[in-house]
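Everything numeric in this text was worked out from a predicted model, so none of it was measured.
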Amino acid sequence: MLNTNKREFYVIIERDEDGYYVGEVPQLKACYSQGEIIDELMSNIKEVIELCLEEETALL
């Protein structure tokens, strides 16, 4: 697991037609998630950021 505590990312949050919050991190390719509430979305997006960073590191 990578230490992402020192990095900051912008998260673009929208609400879809079903009422779910959808978040995307434009700095990372294919980095997005969703949640029924903002807290759930933010928890999910943190996990996805870690996965995206691990994938990015593996490609280097």
Measure the spacing between CD1 of I45 and CD of E40 and express it to the nearest 0.5 Å.
12.0 Å
Going by the rule side chain to side chain contact (heavy atoms under 4.5 Å, CB included), which residues pair with L51 if we only count those two or more places apart in sequence or in a different chain?
E54
Pairwise side-chain hydrogen bond (donor to acceptor under 3.5 Å, both in side chains) hits with a residue in residues 10-36, at least two apart
R15-Y21
Is the shortest heavy-atom distance from the side chain of V25 to the side chain of C52 under 4.5 Å?
no
Residues passing the side chain to side chain contact (heavy atoms under 4.5 Å, CB included) test with E56, sequence neighbours excluded, are L28, L53
Stepwise, does the side chain to side chain contact (heavy atoms under 4.5 Å, CB included) test hold for M42 with I13?
CA-CA 10 Å; M42 295 311 292; I13 300 173; 4.2 Å; yes
Shared ILVMFWY cluster between I38 and I49, side chains joined below 4.5 angstrom?
yes
Looking only at heavy atoms, what is the nearest atom pair of N44 and G35, with distance?
ND2-CA, 4.4 Å
Heavy-atom closest pair, residues V11 and G23
CG1-CA, 4.1 Å
